[in-house]
Amino acid sequence: MVSAPSPLYRRIYSVAAQIPAGRVASYGQIARIAGCGARVVGYAMAALPAGGDIPWHRVINSRGMISPRADGDTARQRRLLEAEGLRFDRAGRLDLAAVGWAGPAWDWLEANGMAP
DNA sequence: CGCATGACCCAGG
DNA sequence: GCCTGGGCCATGC
């Protein structure tokens, strides 16, 4: 048996579950919505059960990079994101302005009716 | 209840 | 652009 996550963790998971495919959100962004510290979001992700329905791979740090995970398998997260059409630059970073959840560039496109 | 740990963030040099 | 130090706060022993 597995013990149920705390209410705070469920809020964090609930927020993460709403990130659309093809976009990413930072820990701090989720933390602000869930009402907790950014560090707690990372802690919640580390405690996430494998095989769940939470798109944990769409959660990255504020620099647009994949944070070193407890499992150490950052390559898997990168493959999952690339499978959704995301592109990493030479430094292994994503363009948050373009693919960030409600990023400025995306907002501009929507405001002008140019969003896909 | 104190202490250590951690998939973070921001400001400064 | 990189590295450093401080702040953040829940969880487990």
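Quick note on labels: first sequence line is chain A, next is B, and so on, each numbered from 1. For clarity, every value in this text was computed on a predicted model and none was experimentally measured.
- Atom C1' of nucleotide dA10(C) and atom CD1 of Ile12(A) are separated by 9 Å, given to the nearest angstrom.
- The nearest whole Å value for the distance from the CZ atom in Arg63(A) to the C1' atom in dC3(C) is 10 Å.
- Nucleotides dG12(B) and dC8(C) place their P atoms 16 Å apart, quoted to the nearest Å.
- Residue Arg32(A) contributes atom CZ, which lies 11 Å from atom P of dC10(B) at whole-angstrom precision.
- Between Arg11(A) atom CZ and dA10(C) atom P the separation is 10 Å, expressed in whole Å.
- If you take CE of Met45(A) and P of dT11(C), they are 14 Å apart, rounded to a whole angstrom.
- One can place OH of Tyr13(A) at 13 Å from P of dA7(B), the figure rounded to the nearest angstrom.
- Residue Val40(A) is the one, among Val40(A) and Ser26(A), whose nearest nucleotide of DNA chain B lies closer to the 5' end (criterion: closest heavy atom).
- Of the two residues contacting DNA chain C, namely Ala91(A) and Tyr43(A), the nearest-nucleotide position lying further toward the 5' end is that of Ala91(A).
- Spacing between atom CD1 of Ile33(A) and atom P of dC9(B) amounts to 13 Å, rounded to whole angstrom units.
- Contact annotation for Ser6(A): backbone-only contact, meaning every heavy-atom pair under 4.0 Å involves sugar-phosphate atoms and none involves a base.
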Check the pair Trp56(A), Gln77(A) against side-chain contact (heavy atoms from CB on, under 4.5 Å), reporting the backbone distance first and the verdict last. CA-CA 9 Å; Trp56(A) 54 269; Gln77(A) 183 170 4; 3.9 Å; yes

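- At a threshold of 4.0 angstrom between heavy atoms, the contacts of Leu48(A) with the nucleic acid are absent.
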